[in-house]
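One structure below.
These values consider heavy atoms only, across backbone and side chains, with no hydrogens, waters or symmetry-generated copies. Every chain is numbered from 1 and lettered A, B, ... according to where its sequence line falls, protein lines coming before strand lines.
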Amino acid sequence: MAEYDPQRIESKWQRVWEEKGVFRASDGDSARQKYYVLEMLPYPSGTLHMGHMRNYTIGDAVARFKRMRGYNVLHPIGWDAFGLPAENAAIKRGIAPREWTNANIAQMKAVCRRFGFSYDWQREISTCEPDYYRWNQWFFLRMLERGLAYRKRSRVNWCPQCQTVLANEQVIDGFCWQHDATPVEAKEIEQWFLATTKFADDLLESIPRLEGGWPERVLRMQENWIGKSRGARVKFAVESANTTLEVFTTRIDTIYGATALVIAAGHAKLDELLEGVQGRAAMDAQIKSMLQRSTKAADIATAEKEGFFTGRFAVNPFSGDKMPIWVGNFVLAEYGTGAVMCVPAHDQRDFEFAKEYRLAIKVVVQPVSGERLNAERMAEAYTEYGRLENSGEYSGLGSEEAIGKMAADAEAGSFGRAETTYRLKDWGVSRQRYWGTPIPVVHCAIDGIVAVPDNELPVRLPENVTITGQGQSPLASVPEWLNTTCPKCGGPARRETDTMDTFVDSSWYFYRYTDPRNSSAPFDKAIAAYWFPIDQYIGGVEHAILHLIYSRFFCKVMNDLGLVNHREPVTRLFSQGMVLKDGAKMSKSKGNIVGAIDIAEKYGCDTGRLYTLFAAPPEKDLEWSEQGIEGSARFLNRLFRLIDKHGPRLKTVASQTAANAGAATPKEKLLVRRLHQTLKRVTEDFETRWHFNTSIALIMEMVNELVAQEPLDQNVTPATLKSVLEGLVLMLSPMAPHIAEELWEMLGHGDGVYSQKWPRYREDLAREEQIEVPVQVNGRVRARITVAAGVAEEDLKARAMSDSHVGPLIAGKQIVKVVVVPGKLVNVVVR
RNA sequence: GCGGAAGUGGCGGAAUUGGCAGACGCGCCAGCCUUAGGAGCUGGUGGCCGAAAGGCCGUAGGGGUUCGAGUCCCUUCUUCCGCACCA
């Protein structure tokens with residue numbers, strides 16, 4: 001009698017896999033179909049918790065399943081090693097970012113190995129290594145050459161106390177994370193941008209091609225993020241000034257209802273407008289205060305509506321109305337034209353602004369049906385389309401028609417035109433930080449901004465830099481690094497001290513896995529062409545927008561560069577749910593972590609894997625339960641005991657199904673049928689739905705059935721029993737691979753599960769002979785009848801009507817209809 | 001605020017195509033076994049009425065479509081996630 005000892009079994013089989021190199025992918029293998037399955041690369045925060053493990057366990061189950069199905073599987077892992085937390089550690093604990101990061105990587109790698117994930121470790125990458133980030137720089141230079149990388153002024157969060165730029169994360173309720181009495185200000189500085197908006201249409205138009213392979217919700221979120229909106233620009237003349245203000249609107253049909261113009265505090269023409277107006281000083285103070293607030297979108301959107309009248313007026317080009325010009329905090333300088341027409345009756349934000357500042361509300365669109373709107377009685381804006389009124393020659397038109405006609409008339413009158421805008425902004429990649437990829441340009445007094453030549457890459461990050469979290473960018477304080485010569489004129493120059501957003505690293509890393517040690521190119525085109533596109537990408541829904549849009553953008557740029565032959569990197573995306581503890585996302589900062597290593601030590605990693613797959617379908621959030629995992633541990637113990645009990649006498653027997661053996665006993669038929677029914681549904685779950693929780697439930701039911709059929713040494717031949725147990729073990733193996741290997745060996749096999757094929761499902765062996773069919777009367781179940789599986793519709797109907805429970809209920813009633821769903825149900829409708 | 005999801009027993013969840021609501025697991029209850037253990041085994045477990053047979057109610061709330069709705073439609077509510085410098 002052996003005991004299930006997960007620690008012993010797990011290290012034993014991990015050693016075997018490692019020695020035999022069974023998880024190595026083979027580049028360009030044309031004999032097998034390739035399958036590239038990838039989990040999003042982790043940030044090495046130091047702790048791997050069960051939230052991470054869920055992600056990798058899903059990917060690993062799929063990778064192992066696909067190998068059993070005969071695919072050449074690429075399943076790599078690496079580290080997203082640059083980023084803010086390493087600098088925070090340096091500030092708080094005086095550890096060098098590289099040292100901290102590498103220590104974390106070593107720790108996390110040990111955990112990944114402890115869990116036995118089937119990674120091809122030979123392809124491991126770490127983005128903070130020069131041989132990786134060198135290619136970030138290379139890509140940046142290619143974009144610079146094509147005008148896709150450029151500089152412009154933009155606003156950042158600034159802590160006046162630290163004298164440094166803050167990340168959004170470091171802004172807490174409008175205050176600096178280090179100084180909770182110091183309000184964060186906004187400051188405008190020159191930064192590098194990548195022109196993602198040049199690909200806005202491309203990114204949007206490819207979305208239909210991702211349909212089916214990507215989660216619906218991710219595609220909808222991306223569409224909204226790109227935010228294409230068709231509308232119109234309209235020019236308003238400013239009264240007694242030789243200038244105009246342009247607004248962007250999607251609802252030009254409501255323009256007769258505009259009762260003000262509202263412009264952003266950061267609008268370029270604001271200075272000019274305020275020239276010589278009364279009370280200028282007070283206005284400047286208000287503008288300054290509006291501009292100084294946090295740059296977070298959510299902060300801006302939820303702020304109280306605030307504004308002031310500039311003292312100037314504009315003229316509505318359609319109605320000729322004179323409209324006050326206001327400055328408002330809800331108008332964004334970066335979106336559209338930085339100015340809006342304020343139509344309180346037909347836009348909710350305008351409505352609120354008008355209520356606050358007592359601006360006129362003028363109804364110009366009436367609902368096509370229902371109660372007429374009355375400006376005095378409105379409690380909220382009417383934003384639907386409708387029929388125009390009080391709109392001059394356009395009165396009576398429907399909104400849709402009016403939008404087309406008014407845009408065309410604006411264009412004819414040279415005071416506007418139809419236009420499409422996007423909500424998507426260019427990607428700001430500059431970071432005034434140390435622990436990131438140096439942007440490979442120099443600033444020369446003579447030649448301006450000059451690219452570092454390819455053959456001088458990588459521009460290495462200097463080591464031994466003191467990180468204080470205060471003052472200017474840390475790189476500016478390293479003179480021997482900062483001061484260099486201009487590649488063009490040879491004169492003195494200064495290096496760019498901004499580093500890149502770490503999203504750059506993660507936008508193309510999956511290509512590097514195909515050819516991770518290449519020192520002359522980011523990757524070999526032919527090898528990447530073999531593996532790409534990624535067949536299955538798996539990650540958290542929190543990456544639904546940024547990472548995945550940036551990755552798609554990079555792919556399109558790489559396609560234009562001729563590096564890849566496709567324009568979308570990922571065929572199928574799976575967004576797994578979060579792992580929650582006490583109702584909140586597991587995270588180090590909240591302190592609600594269930595450490596992966598603790599689980600492995602307490603229960604073994606197979607139990608940890610099984611539980612994360614069993615507790616919820618993978619796309620849903622999972623609430624961690626310490627009691628729940630006990631159930632998974634019990635199940636594996638139970639299975640181990642079952643096979644330990646029967647294994648010894650089956651070891652030397654050749655397996656054979658009952659059907660192949662000829663005369664089968666009812667018990668054999670039952671067991672074989674149960675195996676094939678389970679196999680059918682588990683295979684389907686793996687191929688299509690990925691509902692591992694139901695797969696495991698089915699396997700549990702099968703084990704329960706086997707135990708219920710004890711004694712299994714009676715009325716079952718050892719050959720049949722062995723085949724049933726083998727099927728069971730193979731089905732479980734992608735999810736709990738170590739115990740599966742052990743059980744496989746206990747059944748007498750010298751070769752590993754890792755070299756086995758997925759068992760073949762046979763319809764004829766799965767078929768039931770008898771089925772139970774519920775019979776309803778007026779939609780309520782009144783009886784259940786047992787009939788032969790292939791029973792004819794008429795016979796089923798007759799059996800149902802004559803059933804002893806059903807008969808009395810329908811006797812003497814008028815039978816309206818009888819619904820027969822073959823094999824499913826009978827419903828007798830009576831009156 | 002904008003955008004995206006999700007609401008089913010005491011709990012995690014199942015019901016794949018509109019067809020038996022609650023599979024499987026946790027917890028709980030009762031019993032068995034025992035070298036007394038947080039082990040194993042057997043049975044029970046949505047609510048209400050009933051001795052039972054059985055009946056009625058029940059998938060966040062309200063309304064609708066249908067022979068039939070957890071599933072489809074309308075509407076209200078609640079919770080969670082993202083919002084561009086966290087990764």
Heavy-atom donor-acceptor pair, T250(A) side chain to G231(A) backbone, under 3.5 Å: no
Pairing partner of rU35(B), by Watson-Crick or G-U wobble and under 3.5 Å for both distances, is none
Quick note, N827(A) side chain, CB onward, closest among rG19(B), rA87(B), rU16(B) is rG19(B)
Open item on the list: Over all strands shown, is H543(A) touching base, sugar-phosphate only, or nothing at heavy-atom distances under 4.0 angstrom?
Closed with: base
Check: Would Q472(A) and Q163(A) count as having a side-chain donor-acceptor pair, cut-off 3.5 Å?
Finding: no
- Message: I'd like to know if Q432(A) reaches the base of rC85(B) with its side chain such that a donor and an acceptor end up less than 3.5 angstrom apart.
- Response: yes
To the nearest angstrom, the CD-P distance between E623(A) and rG12(B) comes to 8 Å
Winner on side-chain proximity to D621(A), out of rC85(B), rC56(B), rC80(B), is rC80(B)
TODO: Answer yes or no: does atom NZ of K92(A) have more than 12 heavy-atom neighbours from other residues, nucleotides or ligands under 6.0 Å?
DONE: no
Practice item. Give a yes or no on whether the backbone of G577(A) and the side-chain of R54(A) come within a donor-acceptor separation of less than 3.5 Å. Key: yes
Taking atom types as they are modelled, is there a donor-acceptor pair under 3.5 Å from the base of rC85(B) to the side chain of N168(A)?
no
- Report which part of the nucleic acid K425(A) touches: base, sugar-phosphate, or nothing (heavy-atom distance under 4.0 Å, all strands). base
Margin query: Any base atoms under 4.0 Å from N637(A), or only sugar-phosphate, or nothing? Heavy atoms, all strands.
Written below: nothing
Ordered by number, residues from residues 40-50 of chain A within less than 4.0 Å of RNA chain B (heavy atoms) are Y43(A)
- Query: Are a donor atom and an acceptor atom from the side chains of Y603(A) and E630(A) found within less than 3.5 Å of each other?
  - Reply: yes
N704(A) atom CG is separated from rC24(B) atom C1', nearest whole Å, by 8 Å
To the nearest angstrom, the CD-P distance between Q576(A) and rC81(B) comes to 16 Å
In terms of relative ring orientation, are Y133(A) and F82(A) parallel, tilted or perpendicular, with 30° and 60° separating the classes?
tilted
Picking from rU16(B), rC86(B), rA84(B), the nucleotide nearest the side-chain atoms of L424(A) would be rA84(B)
When rounded to the nearest 0.5 Å, the distance separating CZ of F553(A) from NZ of K198(A) is 9.5 Å
Among the nucleotides rC85(B), rG19(B), rG38(B), whichever has the atom closest to the side chain of Q776(A) is rG19(B)
Under 4.0 Å between any heavy atoms, over every strand shown, what does V816(A) touch: base, sugar-phosphate, or nothing? Just pick one. nothing
Need one value for N778(A): base, sugar-phosphate or nothing, where a base atom within 4.0 Å counts as base even if backbone is also close, heavy atoms only. nothing
Side-chain contact check for Q627(A): nearest option of rG27(B), rG19(B), rA14(B) is rG27(B)
Assigned chi class of rG9(B) under the 90° convention is syn
Using a cut-off of 4.0 Å on non-hydrogen atoms, how would the nucleic acid contact of I629(A) be classed: base, sugar-phosphate, or nothing?
nothing
If pairing means Watson-Crick or G-U wobble with both distances under 3.5 Å, then the partner of rC48(B) is rG55(B)
Here the pair of heavy atoms bringing N104(A) nearest to P44(A) is ND2-O, 3.0 Å
>> Does L825(A) reach a base, just sugar-phosphate, or nothing at all? Heavy atoms under 4.0 Å.
In response: base
Rounding to 0.5 Å, atoms CG (L698(A)) and CZ (F692(A)) come to a distance of 13.5 Å
From the candidates rU16(B), rG25(B), rA14(B), the one with an atom nearest any side-chain atom of P617(A) is rA14(B)
- Could you tell me whether W225(A) contacts a base, only the sugar-phosphate backbone, or nothing, with contacts defined as non-hydrogen atoms closer than 4.0 Å? base
Point to revise | Sugar-phosphate, base or nothing in reach of G227(A), heavy atoms under 4.0 Å | key: nothing
Here the distance between atom P of rC2(B) and atom CG of L332(A), to the nearest Å, is 14 Å
* To do: Describe the nucleic acid contact of E619(A) in one word from base, sugar-phosphate, nothing, applying a heavy-atom distance below 4.0 Å.
  => nothing
Atom pairs under 3.5 Å, N or O on each side, protein against nucleotides 4-10 of chain B: can you list them with distances?
unit_1	atom_1	unit_2	atom_2	d
rG4(B)	OP1	N224(A)	ND2	3.4

Testing rU42(B), rC80(B), rA84(B) for proximity to the side chain of R638(A), the answer is rU42(B)
Taking a pair to mean Watson-Crick or G-U wobble geometry with both distances below 3.5 Å, rU78(B) pairs with rA6(B)
Please measure how far the C1' atom in rU79(B) lies from the corresponding atom in rC24(B), and state the result in whole Å.
26 Å
Side-chain contact check for D80(A): nearest option of rC41(B), rU16(B), rA87(B) is rA87(B)
pair_partner(rG22(B)), Watson-Crick or wobble, both distances < 3.5 Å, evaluates to none
Can the positive tip of K305(A) be found less than 6.0 Å from the middle of the six-membered ring of F330(A), inside 45° of the ring normal?
yes
Closest of rG13(B), rA87(B), rC85(B) to the A616(A) side chain is rG13(B)
NE2 of H547(A) to CD of E542(A), rounded to nearest 0.5 Å, is 10.5 Å
Exercise. Look at R782(A) and rG55(B) and indicate whether a side-chain polar atom (N or O) is within less than 4.0 Å of OP1 or OP2.
Key: yes
Pick base, sugar-phosphate or nothing for T694(A), based on heavy-atom distances below 4.0 Å to the nucleic acid.
sugar-phosphate
Is any N or O donor-acceptor pair between the side chain of Q191(A) and the base of rC85(B) shorter than 3.5 Å? yes
| query | Base, sugar-phosphate alone, or nothing: which one does S632(A) contact when heavy atoms must sit under 4.0 Å apart? | reply | nothing
By nearest-nucleotide position on RNA chain B, the 5'-leaning member of I189(A) and K817(A) is K817(A)
Does V773(A) reach a base, just sugar-phosphate, or nothing at all? Heavy atoms under 4.0 Å.
nothing
- Give the ring-plane orientation class for Y335(A) versus F248(A), where under 30° counts as parallel, over 60° as perpendicular and anything between as tilted. perpendicular
Contact class for Y611(A) vs. all strands (heavy atom < 4.0 Å): base, sugar-phosphate, or nothing? nothing
Taking a pair to mean Watson-Crick or G-U wobble geometry with both distances below 3.5 Å, rA84(B) pairs with none
Against the side chain of F503(A), the closest entry in rA14(B), rG19(B), rA87(B) is rA87(B)
- prompt: Distance check: side-chain N/O of R681(A) vs OP1/OP2 of rA23(B), anything under 4.0 Å?
  reply: no
Q | Rounded C1' spacing from rG54(B) to rU16(B) in Å | A | 34 Å
